Asks: 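Okay, here's the structure, questions in a sec.
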There are 2 protein chains.
Amino acid sequence: MDHEARAQAFENALRRAGIRITRQRAALLRVLALAEDHPDANQLFHRATKAGAGVSLATVYRTLSALEAQGVILKVEFEGEPARFEPADGKHHDHMIDVDSGEVTEFVSERIEKLQAEIAAELGYEIVRHRLELYVRKKP
Amino acid sequence: MDHEARAQAFENALRRAGIRITRQRAALLRVLALAEDHPDANQLFHRATKAGAGVSLATVYRTLSALEAQGVILKVEFEGEPARFEPADGKHHDHMIDVDSGEVTEFVSERIEKLQAEIAAELGYEIVRHRLELYVRKKP
DNA sequence: ATATATGCAAATTATTTGCAGTCAA
DNA sequence: TTGACTGCAAATAATTTGCATATAT
């Protein structure tokens, strides 16, 4: 799925939910579809601005909330940083953060997921969502 | 270890680090030693105040930072809430949060810890710290 | 046409900080 | 004695919101 297709998919998801695609939102969807990293609201605001879209920071926040509510994007909050956002297509994953470089790597572990479910089940719970972050450093 | 002994242990750790035990800090250490839950700065402020200690919120924050820097307490940040604090004696554990009641349960999984280390190692990393939270709901 | 979205500026929340005075060691 | 600590009030940082206006459907 290329960027344009991805942006289009986001747009469709919103339209389906009855959410209006304004010029500002279209621009943000495009910026989000292009993001390979995990940008925060302010970075998205700057990227959209640079791309020529006249968007205010307040609208960025409001749009991100709407997109998150529709399950189109995910909010991730790392320690001591403003919230970041990532497209929610692709499969579930967790994050590994290099504490020296700041680099973020995504990873999946079926086994960890399963263990988590087991631990919750033992106490009579089912998992609604979870958050797993590994703060790491390159080995010497 | 009873509460008083725990408070004493905290105090010793601070003294060892050359940190002065003021009336305010002593009071906060006592409140922290008593905490069975995971209170935030504001709750600690109220508990200390109720206990008759004249402490300001600014001092609560400054003291918590000092205690955290000394490894005496840990800061835990759950989604959408102010930071909470817990005594750092006892062994490492992760948290399970009941999304309906807010109840927090601590748990440990050697197997998950090990899998995390393996995943990091595969990419040439070692884990500095990690954060794992399960947001759960009672099964029907 | 009209409900929904936008921009701006002001409000909120959690936390931090400068400074002048206070106190533990 | 004196450098570390405290309280207060003001500053920050990230995010949210009220309101008058603009716009997508």
Side-chain angles (χ1 to χ4, degrees), chain A residues 7-8 10-31 38-49 51-70 72-85, chain B residues 7-8 10-31 38-49 51-70 72-85:
Chain A
Q8 197 57 57
F10 289 167
E11 212 173 293
N12 293 340
L14 294 191
R15 281 191 200 285
R16 246 175 276 131
I19 289 182
R20 295 181 182 177
I21 306 301
T22 61
R23 175 179 52 77
Q24 293 86 333
R25 284 182 177 166
L28 273 171
L29 290 181
R30 208 138 275 114
V31 170
H38 300 76
D40 62 30
N42 202 43
Q43 292 174 309
L44 290 167
F45 167 65
H46 285 303
R47 291 181 196 179
T49 301
V55 193
S56 73
L57 187 52
T59 291
V60 171
Y61 274 108
R62 273 189 282 230
T63 298
L64 288 173
S65 294
L67 298 183
E68 197 198 358
Q70 295 312 318
V72 170
I73 63 173
L74 287 174
K75 183 198 282 193
V76 297
E77 298 188 66
F78 299 145
E79 289 179 2
E81 302 185 1
R84 300 168 175 231
F85 299 85
Chain B
Q8 197 58 57
F10 289 168
E11 213 173 293
N12 294 340
L14 294 192
R15 281 192 201 284
R16 244 176 277 130
I19 290 182
R20 294 182 182 176
I21 307 300
T22 61
R23 175 178 53 75
Q24 293 86 335
R25 285 182 178 165
L28 272 171
L29 289 182
R30 208 137 276 114
V31 171
H38 300 76
D40 61 31
N42 201 43
Q43 291 174 310
L44 290 167
F45 167 66
H46 284 303
R47 291 180 196 179
T49 301
V55 194
S56 72
L57 186 53
T59 291
V60 171
Y61 274 108
R62 273 188 281 230
T63 298
L64 289 172
S65 294
L67 299 183
E68 196 197 1
Q70 295 311 318
V72 171
I73 62 172
L74 288 175
K75 184 198 282 194
V76 297
E77 299 188 67
F78 300 145
E79 290 178 1
E81 302 185 1
R84 298 168 176 232
F85 300 85

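As a basis for the values below, the full set of heavy atoms in this structure was taken, side chains included, without hydrogen atoms, waters or symmetry mates. None of these values were measured; they are calculated from a predicted model.
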Asks: How many whole angstroms separate atom CD1 of B/Ile21 from atom C1' of D/dG3?
Replies: 16 Å
Asks: Please tell me which of the listed nucleotides, C/dA5, D/dT6, C/dG7, lies nearest to the side chain of A/Thr59?
Replies: C/dG7
Asks: Has B/Arg47 got a side-chain atom pairing as donor or acceptor with B/Val31's backbone, closer than 3.5 angstrom?
Replies: no
Asks: Measure from CD on A/Glu81 to P on D/dT12 and round the result to the nearest Å.
Replies: 22 Å
Asks: Would you check if the side chain of A/Arg25 reaches a backbone N or O of A/Arg20 as a donor-acceptor pair within less than 3.5 Å?
Replies: yes
Asks: Donor-acceptor pair, distance only, cut-off 3.5 Å: does the side chain of A/Gln43 make one with the backbone of A/Asp40?
Replies: yes
Asks: Side chain of A/Val55 only, please: which of C/dG7, D/dA24, D/dT15 is the nearest?
Replies: C/dG7
Asks: Rounded to whole angstrom units, what separation is found between the CZ atom of A/Arg15 and the P atom of C/dA5?
Replies: 13 Å
Asks: Indicate, yes or no, whether a donor-acceptor pair under 3.5 Å links the base of C/dG18 to the side chain of B/Arg62.
Replies: yes
Asks: In whole Å, I'd like the distance from the CD atom of B/Glu77 to the C1' atom of C/dT13.
Replies: 14 Å
Asks: Does the side chain to side chain contact (heavy atoms under 4.5 Å, CB included) test come out yes or no for B/Val55 and B/Leu44, once each step is laid out?
Replies: CA-CA 10 Å; B/Val55 194; B/Leu44 290 167; over 6 Å; no
Asks: Looking at every strand, decide which applies to B/Arg25 at a 4.0 Å heavy-atom threshold: base, sugar-phosphate, or nothing.
Replies: sugar-phosphate
Asks: Quickly work out the A/Leu14 CG to C/dA5 C1' distance and round it to whole Å.
Replies: 13 Å
Asks: For D/dC5, does OP1 or OP2 lie under 4.0 Å from any side-chain N or O of B/Thr63?
Replies: no
Asks: Please confirm whether the shortest side-chain N or O distance from A/Gln24 to OP1 or OP2 of C/dG7 is below 4.0 Å.
Replies: yes
Asks: Side chain to side chain contact (heavy atoms under 4.5 Å, CB included), that's the test. Do B/Ile19 and B/Gln70 meet it? Break it down for me.
Replies: CA-CA 10 Å; B/Ile19 290 182; B/Gln70 295 311 318; 3.8 Å; yes
Asks: Measure CG/A/Leu64 against C1'/C/dA5 and give the value in whole Å, please.
Replies: 15 Å
Asks: Could you tell me how far apart B/Phe45 (CZ) and C/dT16 (P) are, to the nearest whole angstrom?
Replies: 16 Å
Asks: From C-beta outward on B/Tyr61, which listed nucleotide comes closest to its side chain: C/dT16, C/dC8, D/dT25?
Replies: C/dT16
Asks: Checking contacts here: which listed nucleotide (D/dT15, C/dA5, C/dG7) is nearest the side-chain heavy atoms of A/Pro82?
Replies: D/dT15
Asks: Rounded to whole angstrom units, what separation is found between the CZ atom of A/Arg20 and the P atom of C/dT2?
Replies: 12 Å
Asks: With nearest nucleotides of DNA chain D determined for A/Phe85 and A/Ile19 from heavy-atom distances, which residue corresponds to the more 5′ nucleotide?
Replies: A/Phe85
